[in-house]
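The first residue in the sequence is number 1, and the count goes up from there.
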Amino acid sequence: MQRSRALTSITIIGGGIFGLSCGWEIARRGAAVRIFEARHLGAGASGGHVGALAPHAPENWNPKKAFQLDSLLMAPGFWAGVEAASGLASGYGRTGRIQPVPDAAGVDRLHDRIVAAARQWPAPLPMRLTDAPATTLLPASPTGLWLEDRLTARMNPRAAIAALAEAIRRQGGEIIEGRHVCPEDTPAGTTLWAAGLAGLATLSDDLGRIMGKGVKGQSALLGHAAPDAPQVFADGLHVVAHSDGTTAIGSTSENQYSHPDVDHQLDQVLARARAICPALADAPVLDRWAGIRPRAQSRAPLLGPWPGRPGHFVANGGFKIGFGMAPKIASVMADLILEGRDGIPDAFRLG
């Protein structure tokens with residue numbers, strides 16, 4: 001049974017994808033929500049460009065992959081609700097993905113992947129090999145074959161953050177930017193910590209063990225319109241055409257870095273992306289981004305009660321799949337916080 005707004009007030013620390021998606025789901029269910037963000041909304045890892053909502057490989061199925069699949073299937077309804085409540089576009093669209101097949105051995109290896117996808121994914125969203133993908137963002141393929149899937153979707157991260165924030169405000173929630181809150185300063189009552197990299201550091205200090213680290217990523221936004229094109233994954237890069245006439249490319253994955261800003265590695269990414277997709281050769285660079293993504297030690301999101309702090313909960317460690325995981329994480333965290341129902345996979349727990 002859902003609790004009424006008069007009975008439940010939730011404080012959320014962090015204005016990235018986890019904090020805002022959980023805030024929206026909790027507010028939608030009737031609780032009062034107040035979100036504190038130390039800088040500005042999407043200031044951390046959620047402020048990039050790429051928004052590739054791609055599934056894990058379907059082989060070697062496990063609870064993490066099943067959780068992510070549930071979230072990807074929830075996404076159309078989740079983002080439609082956000083858009084209806086906010087009046088803003090989120091940039092969500094299930095446009096699919098293509099990947100060039102580099103050699104004949106790859107064709108043989110992909111057979112098992114296609115069979116596993118047919119076993120785990122819904123039948124209307126298949127994975128298959130094709131020799132004629134319908135796209136203007138076509139990467140070269142030495143074999144003349146591409147692996148295509150219909151499950152992958154795209155998201156415009158900055159548009160999604162803005163839509164979530166507006167939906168929360170229209171639901172009566174409050175968002176306070178430029179205010180840092182530490183555990184000792186939180187208001188009385190229930191608190192959800194979704195503070196990204198800083199939150200991982202605070203958790204590590206409090207629990208006396210390393211809970212995760214930051215991994216730097218860099219991406220770029222190009223002025224190239226291909227709004228219906230499937231995204232491309234090739235040579236370790238994502239090329240994602242957004243609905244607003246831009247195309248995002250990225251990203252680096254830097255375990256070692258000396259500063260959080262854009263540097264020469266993004267130039268290398270740009271050069272590789274233009275070589276992969278010749279249609280991007282003359283596309284102007286509209287924006288460059290760098291950020292530090294929170295990766296949990298377990299590589300799975302960290303969800304659930306904060307050990308030793310009654311009434312405090314954690315949603316962190318989105319790393320590269322935060323936007324894809326957000327609908328399901330918002331649902332299970334709202335279930336836990338508002339109704340006491342615990343649907344968190346064991347691999348995601350803090351304990």
Side-chain angles (χ1 to χ4, degrees), residues 50-80 91-155 226-241 243 276-277 298-301 318-332 343-348:
V50 177
L53 309 187
H56 288 292
E59 307 98 313
N60 303 313
W61 200 246
N62 60 41
K64 177 181 176 182
K65 294 182 179 185
F67 188 101
Q68 189 209 32
L69 175 61
D70 287 346
S71 194
L72 293 175
L73 296 177
M74 292 169 64
F78 179 87
W79 291 109
Y92 175 82
R94 183 173 282 152
T95 52
R97 175 179 59 173
I98 59 170
Q99 305 174 62
V101 180
D103 51 42
V107 175
D108 294 336
R109 289 192 300 269
L110 288 173
H111 174 74
D112 291 340
R113 177 162 296 182
I114 292 168
V115 170
R119 183 168 56 248
Q120 303 296 349
W121 297 358
L125 302 172
M127 174 181 282
R128 67 187 183 105
L129 288 172
T130 178
D131 60 2
T135 179
T136 59
L137 285 176
L138 184 63
S141 173
T143 59
L145 292 172
W146 292 261
L147 180 67
E148 176 185 74
D149 83 72
R150 301 292 179 85
L151 176 58
T152 296
R154 59 144 187 246
M155 171 59 60
D228 300 320
Q231 63 184 260
V232 171
F233 183 68
D235 192 24
L237 294 182
H238 295 277
V239 178
V240 181
S243 59
I276 289 167
C277 291
S298 65
R299 291 182 174 266
F319 192 33
K320 297 180 181 180
I321 56 173
F323 280 87
M325 288 283 208
K328 179 76 169 182
I329 284 175
S331 178
V332 299
I344 298 170
D346 288 343
F348 292 20

Distance-only, no hydrogens or angles: does the [X] side chain make a donor-acceptor pair with backbone N or O of [Y] under 3.5 Å?
{"X": "K64", "Y": "H56", "value": "no"}
{"X": "Q120", "Y": "W61", "value": "no"}
{"X": "D149", "Y": "L151", "value": "yes"}
{"X": "W121", "Y": "R150", "value": "no"}
{"X": "K328", "Y": "L69", "value": "no"}
{"X": "S71", "Y": "M325", "value": "yes"}

Specify the closest pair of heavy atoms between [X] and [Y], including all atoms of both residues, with the distance to one decimal.
{"X": "I276", "Y": "A234", "answer": "CD1-O, 3.4 Å"}
{"X": "G324", "Y": "L53", "answer": "N-CD2, 3.5 Å"}
{"X": "V101", "Y": "G106", "answer": "CG1-C, 4.1 Å"}
{"X": "A153", "Y": "R94", "answer": "CB-CA, 3.7 Å"}
{"X": "W146", "Y": "P100", "answer": "CD1-CA, 3.6 Å"}
{"X": "H238", "Y": "A52", "answer": "ND1-CB, 3.7 Å"}

I'd like to know whether CG of N60 has more than 12 heavy-atom contacts from other residues, nucleotides or ligands below 6.0 angstrom.
no
Roughly how far, to the nearest 0.5 Å, is the [atom2] atom of [Y] from the [atom1] atom of [X]?
{"X": "I329", "Y": "I344", "atom1": "CD1", "atom2": "CD1", "result": "9.5 Å"}
{"X": "L145", "Y": "L110", "atom1": "CG", "atom2": "CG", "result": "9.5 Å"}
{"X": "L73", "Y": "Q68", "atom1": "CG", "atom2": "CD", "result": "10.0 Å"}
{"X": "E148", "Y": "R97", "atom1": "CD", "atom2": "CZ", "result": "11.0 Å"}
{"X": "I98", "Y": "L147", "atom1": "CD1", "atom2": "CG", "result": "10.0 Å"}
{"X": "Q99", "Y": "M127", "atom1": "CD", "atom2": "CE", "result": "6.5 Å"}

Is the closest side-chain heavy-atom distance between [X] and [Y] below 4.5 Å?
{"X": "W79", "Y": "P327", "answer": "yes"}
{"X": "F67", "Y": "V332", "answer": "yes"}
{"X": "D346", "Y": "P63", "answer": "no"}

L125 and L72: side-chain contact (heavy atoms from CB on, under 4.5 Å), yes or no, with the steps?
CA-CA 11 Å; L125 302 172; L72 293 175; over 6 Å; no
Could you go step by step and tell me if V240 and T95 meet the side-chain contact (heavy atoms from CB on, under 4.5 Å) rule?
CA-CA 10 Å; V240 181; T95 52; over 6 Å; no
Of all residues at least two apart in sequence or in a different chain, which pass the side chain to side chain donor-acceptor pair (under 3.5 Å) check with S141?
T143
